[in-house]
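For reference, the structure discussed in these notes is given below.
Note that this is a predicted model, so its numbers are computed, not measured.
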Amino acid sequence: MQNDTQAFDEIGMRKARYCRYVDTKLWDEFRELFADAPDIRFIDAGGTVIHAFTSVDEFVTRSANYLEGARTIHQVHNAEMERVAEDRVNAIWSMEDYLVFPPANDERPASMHGYGHYHETWEFRDGQWRIAKLELRRTILEIMPKEGAQ
C-alpha cells in the first residue's frame, strides 16, 4: 500500500485529470476516476442539494449532455488531504469553474462562473484511487442568462 505522500500525490494527479477530462470532454477517462456507485452531490450557496447521483454512468451521461458544445475551464487549488483508513483519503479542494454555452435554443444559460469547495472521499480500488464521494459546495455562482431569456 502507498504511504501518505504517495497516495496524496496520486490523488492530486487524478483530480487534475478530473478537471482536464471535463474540459476536453474525455468522458470515458472521466468515468474511470470514480467508484461504480459513488455518492455525488452538488450544493448551492444556500445549502440546498440541487443535483444528486449514485450511479457514475448517470452522472457522466448527464454531465456530457449538459456540457455538449460548451467551452469550460475547471480548476482546483489548495488541497487538504487526510488519510482516514489504509484505503481511504478525505480531501477538500478550493475550486473555480467557468462555463460558456453555445447559443443553442435550450434551457442552459449563456455562461456560469462559480467558486466553492469539493469535499471528497477517495478509495483505493482495483489498484487505483477512485472518487467514492464527491460534494461540490458552492460559495458563489454567477449565472449569465441568454439574451431574451426571462
Tell me whether [Y] is reachable from [X] by hopping between hydrophobic residues (I, L, V, M, F, W, Y) whose side-chain heavy atoms are closer than 4.5 Å.
X	Y	result
Leu67	Tyr21	yes
Trp27	Leu33	yes
Trp93	Ile43	no
Met144	Leu99	no

**Request:** For side chain to side chain contact (heavy atoms under 4.5 Å, CB included), just list the numbers for Gln128 and Glu32, CA-CA rounded to whole Å, side-chain angles, deciding distance to a tenth of an Å, and then say yes or no.
**Result:** CA-CA 9 Å; Gln128 292 288 332; Glu32 291 303 313; over 6 Å; no

Heavy-atom donor-acceptor pair, [X] side chain to [Y] backbone, under 3.5 Å:
X	Y	answer
Thr24	Arg20	yes
Gln6	Asn3	yes
Lys146	Arg108	yes
Arg14	Trp129	yes

**Request:** Anything under 30° is parallel, anything over 60° is perpendicular, the rest tilted; go ahead and classify Tyr66 against Phe101.
**Result:**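 Taking Phe101 first and then Tyr66, their aromatic rings stand perpendicular (interplane angle over 60°).
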
**Item:** Aromatic plane relationship, Tyr18 with Phe30 - under 30° parallel, 30 to 60° tilted, over 60° perpendicular
**Value:**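 Ring orientation of Phe30 relative to Tyr18: tilted.
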
**Message:** Restricting to salt bridge (Lys or Arg N to Asp or Glu O under 4.0 Å), what partner residues turn up for Asp97, sequence neighbours left out?
**Reply:** Arg138

**Message:** Could you check whether Glu135 and His117, counting side-chain N and O atoms only, form a donor-acceptor pair closer than 3.5 Å?
**Reply:**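 Looking only at side-chain atoms, Glu135 and His117 do not form any donor-acceptor pair under 3.5 Å.
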
Check [X] against [Y] and note the closest heavy-atom contact, atom names and distance.
X	Y	value
Phe8	Arg83	CZ-N, 3.9 Å
Lys25	Ala70	NZ-O, 3.0 Å
Ala7	Gln2	CA-OE1, 3.4 Å
Arg130	Ala35	CB-N, 3.7 Å
Pro109	Pro145	CB-CA, 4.4 Å
Val22	Thr72	O-OG1, 4.1 Å

If I take atom [atom1] from residue [X] and atom [atom2] from residue [Y], how far apart are they, to the nearest 0.5 angstrom?
X	Y	atom1	atom2	result
Arg31	Ser63	CZ	OG	12.5 Å
Asp4	Met81	CG	CE	10.5 Å
Phe124	Glu10	CZ	CD	8.0 Å

**Request:** Please examine the side chains of Glu96 and His113, heavy atoms only from C-beta on, and report whether any two atoms are closer than 4.5 Å.
**Result:** yes

**Item:** Ile40 and Phe34, any side-chain heavy atoms less than 4.5 Å apart
**Value:** yes

**Prompt:** Only one of Leu136, Leu141, Asp44 clears side-chain contact (heavy atoms from CB on, under 4.5 Å) with Ile50; which?
**Reply:** Asp44

**Request:** Check the pair Lys133 / His119 against side chain to side chain contact (heavy atoms under 4.5 Å, CB included), numbers first and verdict last.
**Result:** CA-CA 8 Å; Lys133 181 178 181 181; His119 293 253; over 6 Å; no

**Message:** Can you list, by chain and residue number, the hydrophobic cluster partners of Ile73 when the side-chain cut-off is 4.5 Å?
**Reply:**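 Its cluster partners, ordered by chain and number, are Tyr98, Val100.
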
**Prompt:** By side-chain contact (heavy atoms from CB on, under 4.5 Å), which residues pair with Ala85, not counting sequence neighbours?
**Reply:** Asp87, Arg88

